[in-house]
Amino acid sequence: MPELPEVETIRRGILPLTGGKKVERLIVRVHALRYPLDGLKLACLRGQRLEDITRRGKYLLFHFSRGWLLLHLGMSGSLRYLPESRPPAAHDHFDIRFQDGSCLRLRDPRRFGLVLFLEQDPFTHPLLKAFGPEPFSEEMNGAYLHRRSRGKRLPVKELLLDQKTVAGLGNIYVNEALFAAGIDPRKAAGSIGLSRYQRLAAAIREVLGRALAAGGTTLRDFRDGVGNPGYFSVQLQVYGRAGMPCPRCGASVVGERCHQRSIYFCRRCQK
DNA sequence: CCCAAGACCTGGCGGC
DNA sequence: TGCCGCCAGGTCTTGG
């Protein structure tokens with residue numbers, strides 16, 4: 001489900017509702033997520049105060065008084081704020097209960113998500129250490145992408161999906177950004193010149209910025225922290241629109257597979 | 001190091 | 001209606 005705009009939408013929604021609260025206890029119903037949940041470590045959070053919630057790529061970082069909770073929503077994860085307790089439904093694997101009776105509840109049918117408690121700086125953790133720049137940072141620009149892509153023969157869309165290149169992009173926004181930049185997603189990353197990467201860097205920011213303003217993209221099940229869908233779906237230009245007219249030239253949008261995943265593009269507008 | 005493919009899961013949908 | 005195969009917003013691991 002969630003790429004940067006969705007994760008950031010969740011973050012902005014739940015921070016004002018939970019920031020400053022103290023943890024009463026954690027409830028783990030299902031341990032087998034991407035990695036097994038460590039109940040003992042998580043129990044350390046009891047009594048700790050939630051100081052802040054930040055984001056790195058698609059990860060949410062919960063800053064507690066003495067440690068960090070890392071949360072990744074995988075493909076199907078969602079996080080929901082509940083003002084008061086409510087019986088769990090199917091796939092509600094994990095709750096953070098606060099002392100005022102409210103809670104944050106993680107649901108994740110496919111269990112590709114991740115929950116990890118860290119006592120040290122999360123940014124040096126192996127999962128985050130090699131992450132590329134945030135899309136809205138100055139460091140993420142055309143020259144950077146150009147440099148990163150030299151000598152690479154993999155398709156440019158694969159380069160962008162790699163979190164070591166840019167942190168936070170996923171399949172939807174890679175397809176949309178490449179359309180906005182007029183670049184064929186299958187094109188070898190190393191064969192694209194500087195000026196086209198400059199256009200791509202701008203396109204990435206533009207697409208993510210608009211998605212963020214719309215509260216993310218709901219294809220089937222994305223919901224923000226309080227249960228609202230995102231409205232960027234109606235602005236998607238190519239993603240999921242195989243056979244429909246290209247919004248720029250009217251030619252039919254192509255949907256095919258590239259490296260085991262769907263790509264959508266316009267043959268006429270993207271070279 | 002680079003790259004491709006397989007693995008991990010469940011649910012929803014289209015086709016028969 | 002029921003079953004089957006395929007597809008899904010992610011990313012880690014393995015092997016050439």
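Chain naming here is simple, since letters A, B, ... match the order of the sequence lines and numbering starts at 1 in each.
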5' to 3' on DNA chain B, which nucleotides open and close the contacts with chain A (atom under 4.0 Å from a heavy atom)?
B:dC2 to B:dG11
May I ask you to say whether A:Glu51 pairs ionically with A:Arg49, meaning some side-chain N is under 4.0 Å from a carboxylate O?
yes
Residues in contact with DNA chain C, drawn from residues 106-134 of chain A - heavy-atom cutoff 4.0 Å
A:Arg110, A:Phe112, A:Leu127
Return the set of residues passing side chain to side chain contact (heavy atoms under 4.5 Å, CB included) with A:Arg111 (not counting sequence neighbours), or none when no residue passes.
A:Val30, A:Ala32, A:Leu33, A:His93
Both distances under 3.5 Å, Watson-Crick or G-U wobble: on that basis, could you give the dot-bracket string for DNA chain B, with [ ] for crossing pairs and | for other-strand partners?
.|||||||.|||||||
Could you tell me which residues satisfy side chain to side chain contact (heavy atoms under 4.5 Å, CB included) with A:Pro229, sequence neighbours excluded, listed by chain and number?
A:Thr218, A:Arg223, A:Tyr231
Return yes if a side-chain donor-acceptor contact under 3.5 Å exists between A:Thr217 and A:Tyr173, otherwise no.
yes
Test: salt bridge (Lys or Arg N to Asp or Glu O under 4.0 Å). Region: residues 257-271 of chain A. Which pairs qualify, not counting sequence neighbours?
A:Glu256-A:Arg267
Output yes when A:Asp92 and A:Arg29 qualify as a salt bridge under the 4.0 Å nitrogen-oxygen rule, no when they do not.
no
Whole-Å distance separating the CG atom of A:Leu33 from the C1' atom of C:dC12
15 Å
Looking only at atom P, what distance separates C:dC7 and B:dA5, rounded to whole Å?
15 Å
Within the 3.5 Å criterion, strictly below it, is a donor on A:Asp108 or A:Ser76 matched to an acceptor on the partner's side chain?
yes
Among residues 155-171 of chain A, which residues get a heavy atom nearer than 4.0 Å to DNA chain C?
A:Gln163, A:Gly170, A:Asn171
Once you apply a heavy-atom cut-off of 4.0 Å, does A:Thr217 come out as touching a base, just sugar-phosphate, or nothing?
base
Going by an N to O cut-off under 4.0 Å, is there a salt bridge joining A:Glu134 and A:Arg55?
yes
Does A:Lys157 form a side chain to side chain contact (heavy atoms under 4.5 Å, CB included) with A:Ile263? I'd like the steps, not just the answer.
CA-CA 9 Å; A:Lys157 76 113 194 172; A:Ile263 55 171; 3.6 Å; yes
Partners meeting side chain to side chain contact (heavy atoms under 4.5 Å, CB included) with A:Pro2 (sequence neighbours left out)
A:Glu6, A:Val7, A:Leu73
Whether the side chain of A:Tyr144 engages the backbone of A:Thr165 through a donor-acceptor N/O pair (distance < 3.5 Å, no angle test) should be reported.
yes
Which residue lies toward the 5' end of DNA chain B, A:Leu154 or A:Arg220, if each is placed at its nearest nucleotide?
A:Leu154
Taking 4.0 Å as the cut-off, does a side-chain nitrogen or oxygen of A:Arg261 come that near to OP1 or OP2 on C:dG9?
yes
On a whole-Å scale, what distance lies between the P atoms belonging to B:dG6 and C:dC6?
14 Å
Taking any heavy-atom pair under 4.0 Å as a contact, classify A:Tyr35: base, sugar-phosphate, or nothing.
sugar-phosphate
Residue pairs passing the ring-ring contact (aromatic ring centres under 6.0 Å, His included) test where at least one lies in residues 176-229 of chain A, sequence neighbours excluded:
none
Would you find a donor on one side and an acceptor on the other, under 3.5 Å apart, between the side chain of A:Glu176 and the backbone of A:Gln237?
yes
Any Lys/Arg nitrogen of A:Arg97 or A:Asp95 sitting under 4.0 Å from an Asp/Glu carboxylate oxygen of the other?
no
Got a sec, which residues hit side chain to side chain contact (heavy atoms under 4.5 Å, CB included) with A:Pro83, two or more places apart in sequence or on another chain?
A:Tyr81
DNA chain C: A:Leu219 or A:Tyr59, which has the more 5' nearest nucleotide?
A:Leu219
Counting only side-chain nitrogens and oxygens, does A:Tyr239 get under 4.0 Å of the OP1 or OP2 atom of C:dG9?
yes
Using atom P of each nucleotide, how far apart are B:dG12 and C:dT11 to the nearest Å?
23 Å
For DNA chain B, what residues of residues 181-193 of chain A have any heavy atom nearer than 4.0 Å?
none
Tell me, please, which residues at least two apart from A:Arg12 pass salt bridge (Lys or Arg N to Asp or Glu O under 4.0 Å).
A:Glu8
